[in-house]
Each structure stands twice: as structure tokens, then as C-alpha cells.
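To start, the structure itself, in C-alpha cells.
Bear in mind that the values here come from a model prediction, so they are computed numbers and not experimental data.
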Amino acid sequence: MTDNEADPPEPPEPTEPRAPKKRKLRPLPGLDVEEFRHTSDARATDALKSIPGLDRVLSKLLEYGLERLYYVDNVASNLRVTPKMFGRLHRSLTWATKILDVPEPEMYVTVDPVPNAFTYGHTRPFITLTSGLVDLLSDEELFFVISHEVGHIKAGHVLYGTMARNIAAVVALLGQATLGLGALLGQGLVIALYEWYRCAELTADRAALLCVQDIEPAYATFMKMAGGTSRLAREMDRDEFLRQVAEYEDVDRSTLDKAYKILLTVYRTHPFSMQRAKSLSGWFAEGYEQVMARSQRP
């Protein structure tokens, strides 16, 4: 972009949004989640599974409560994605399930200006996208997000993921029933589930990269989720974003800054966008190609 010497300066020349790249996507039949699971996800999952009876309690709580509640809410108030309803979104869903080798779940769009996507359900998982997300992202970026959610299903994240989104409310109700004692004891489980959720996001990002098969939509998605706007989308700069990612890495140099990172993330369900970009970039450089190479094996 060149500076205009006129006063006042003219705005940047408008450009058309980038069209999705024309490339042949490679399915990965028989893909094993352990081929791309993040090591932090594996450790956090093992820690949760070591809690006696946790899986059984959470499964029953979902089966007889939250899962059905959220499914009925989706059917009643949101739009289901089909080949004739939001056909482009449905094609992305179909490709993601084909590449990751999982059954196709139902997907819905809900009216919500906050950009977000989530997967609920244990016996019958379904994906929900917000209208704010659909309006903010390009088709390729939406493909990345949809693939990320399908990655959660592939990795078996939905049970703990649904509970992580609702555990604070569950613990609060427990606290009311036990004069605060349950809430105090439950904070350890809340923190453990949030820690697991953040680790699981890194695995789902890898699954999304295996579907999109291009790192650029991932960078664009993280950048927009950090602070993107539809109105100023043309003024966002990928290289500036990657420089900021590098600055985030530099924050780890002092012990105090590391402590601040822990305090800022302990009750977050998602890692910071900078952390996700850093983690996925590292796996793209070392790990991604080995998994993709299996698609060419006899």
C-alpha cells in the first residue's frame, strides 16, 4: 500500500474479499486421533479420567439433563444447516467429516452477535455457530472453525467440553444446596475442567488444519477472533498479527509474566488467540506433514 500525498489522505483502495483457494483436499480415511492429539490434551484428559466415577456422573448428567435441554433449544429456536439451508456451511461440514472420518453431526446457526461456535451433546453431538461468527469470517475461515468443532467430536471432547461450559453453574447450585461447602470443594473440579478445555482446543485446532490443509485461514481466524471487525477487515495485516504472536512468546521470559499468564487464563475456556497461533504454527512446521503423508500411503 502506498501513501497518498493529497490532504487528507485517501483511504486504501478497496479490494474484493479473498476467494477460497481452489485446491484438492485430501481425505484421511482411518485417521487416529492420537496422530494429532496435543500432548497437553493427553495429560489433562488422563488427569480427569483418574477421578473415580467422574465420567459416569457427567454422562448421566448430560443424558438426562443438559444434552436434551440444549438439543430441544436448538431445534426450537435456531436454524438447522442442510444442503438447502446455508448450503456453503453444509458443504464445509460434509468435507470436515469426510476428512476426519467421523459421522456427520447436525449443525445449527443461532442469532448472536458474539462470534462463537460450540459443540454440545454426548450421545448425539451437534454443532452451533453464531450469526456473529458467520458474518465475521470468510468461507475458508468458517471451514476452519467448523472443522475445529468436528475435531472435538473426533477427539472425544464433547463430554468434558459440555460440562466445562456449564460446570460453574452446576457448582453454584451445589453450593446453594450445601451452604457453600460444595461450591468450595467444587472449585478444584472447575479449574481442572477449564485447564482440560484449553488443552483440548489445541488438539481441535490441529484437526481443523488437517481439514483446511492451509495455515493461512487459521492465522486469519485467530486474528479476527482476537479483535476483528467486518468494517475494518481490509485494514487487518497478517504480518503484524504474527509479530504480535512473537511478542506473546517473549512474555514468557520473566517468572512474573508467566504468573500473570496463569492468573489470566485459569478461568478461561479457550487459550489466547496468540497462544493458539503459536502452538499451531509449531505443529505445522513439525508434525502436520507426517500426518498428511499417510493419505498417500497404499
Side-chain angles (χ1 to χ4, degrees), residues 18 20-45 81 88-105 107 117-119 125-127 129 133 137-158 160-161 196-225 238 242 245 270-271 273-298:
R18 189 180 69 159
K21 293 181 179 179
K22 299 291 185 182
R23 60 182 182 277
K24 187 175 181 180
L25 298 174
R26 288 184 282 171
L28 298 169
L31 177 67
D32 188 335
V33 65
E34 300 307 325
E35 294 185 68
F36 63 89
R37 189 187 297 277
H38 196 282
T39 53
S40 296
D41 177 15
R43 285 196 300 268
T45 300
V81 174
R88 281 183 290 173
L89 295 178
H90 187 264
R91 284 194 292 275
S92 290
L93 176 64
T94 299
W95 266 108
T97 56
K98 181 178 181 180
I99 291 171
L100 294 179
D101 196 22
V102 299
E104 184 175 305
M107 187 163 71
F118 44 86
T119 302
F126 53 88
I127 297 168
L129 311 176
L133 182 83
L137 302 183
S138 71
D139 286 352
E140 269 194 310
E141 293 153 12
L142 284 169
F143 181 30
F144 179 83
V145 172
I146 291 168
S147 300
H148 173 102
E149 296 303 322
V150 174
H152 279 310
I153 298 173
K154 175 73 175 181
H157 289 159
V158 184
Y160 293 151
W196 169 85
Y197 204 138
R198 292 190 298 273
C199 296
E201 288 296 297
L202 303 180
T203 294
D205 285 342
R206 291 180 175 185
L209 180 59
L210 290 172
C211 291
V212 179
Q213 299 171 16
D214 181 2
I215 193 68
E216 293 304 324
Y219 288 151
T221 300
F222 295 145
M223 180 170 61
K224 288 183 178 179
M225 294 302 288
R238 173 250 198 206
L242 293 182
V245 171
H270 287 61
S273 292
M274 308 305 157
Q275 181 185 356
R276 293 173 68 181
K278 171 190 171 185
S279 175
L280 192 61
S281 178
W283 190 68
F284 180 68
E286 186 175 346
Y288 165 79
E289 286 297 340
Q290 288 89 324
V291 178
M292 290 304 300
R294 70 179 301 280
S295 68
Q296 299 176 341
R297 298 173 197 167

A218 and L280 have their tightest heavy-atom pair at CB-CD2, 3.7 Å
Fill in: Donor-acceptor contact below 3.5 Å, side chain T97 vs main chain P103
no
* Do D101 and K154 have side-chain heavy atoms sitting under 4.5 Å apart? -> yes
Item to check | Heavy-atom check, side chain of L93 versus side chain of I127, under 4.5 Å | outcome: yes
| message | Are the side chains of C211 and V150 in contact, using a 4.5 Å heavy-atom criterion? | response | no
d(D139 CG, L89 CG) to nearest 0.5 Å is 7.5 Å
d(R88 CZ, L142 CG) to nearest 0.5 Å is 9.0 Å
_Side chain to side chain, F36 and L28, heavy atoms closer than 4.5 Å_ = no
If you count every heavy atom of other residues, nucleotides or ligands that lies below 6.0 Å from E286 atom CD, does the total exceed 12?
no
For R91, the salt bridge (Lys or Arg N to Asp or Glu O under 4.0 Å) test, sequence neighbours excluded, returns none
Working note: R26 + I99, criterion side-chain contact (heavy atoms from CB on, under 4.5 Å); need CA distance, chi angles, decisive distance, verdict.
CA-CA 7 Å; R26 288 184 282 171; I99 291 171; over 6 Å; no
To the nearest 0.5 Å, atom CZ of F284 lies from atom CD of E216 at 8.0 Å
Shortest non-hydrogen pair, A155 vs T203, comes out as CB-CG2, 4.2 Å
Less than 4.5 Å apart, any side-chain heavy atom of D41 and any of L202?
no
Between P271 and R198, the two heavy atoms sitting closest are CG-O, 3.4 Å
Original post:
T221 and E140: side-chain contact (heavy atoms from CB on, under 4.5 Å), yes or no, with the steps?
Top reply: CA-CA 9 Å; T221 300; E140 269 194 310; over 6 Å; no
Closest heavy-atom pair, A96 versus S147, reported as atoms and distance to 0.1 Å, is CB-OG, 3.5 Å
### Message
Do Y288 and Q213 make a side-chain contact, defined as non-hydrogen atoms from C-beta onward lying under 4.5 Å apart?
### Response
yes
What one should report as the nearest heavy-atom pair of P217 and E141 is O-CG, 3.9 Å
Do the rings of H148 and F144 sit parallel, tilted or perpendicular, given the 30° and 60° boundaries? tilted
Rounding to 0.5 Å, atoms CZ (R276) and CZ (R206) come to a distance of 13.0 Å
Is there a side-chain contact (heavy atoms from CB on, under 4.5 Å) between V291 and L31? Walk through the geometry before answering. CA-CA 9 Å; V291 178; L31 177 67; 3.9 Å; yes
So does R238 have more than 12 non-hydrogen atoms from other groups sitting under 6.0 Å from CZ? yes
Going by heavy atoms in the side chains, are V245 and Y219 under 4.5 Å from each other? no
A side-chain contact here means heavy atoms from C-beta on lying under 4.5 Å apart; do H90 and E104 qualify? yes
(request) Return yes if a side-chain donor-acceptor contact under 3.5 Å exists between E201 and H157, otherwise no. (result) no
With distance as the sole test, does E149 use its side chain to make a donor-acceptor pair with the main-chain N or O of I146 at under 3.5 Å? no
In this structure, CG of L209 is separated from OG of S281 (nearest 0.5 Å) by 10.0 Å
Nearest heavy-atom approach of K224 to S138 is NZ-N, 4.1 Å
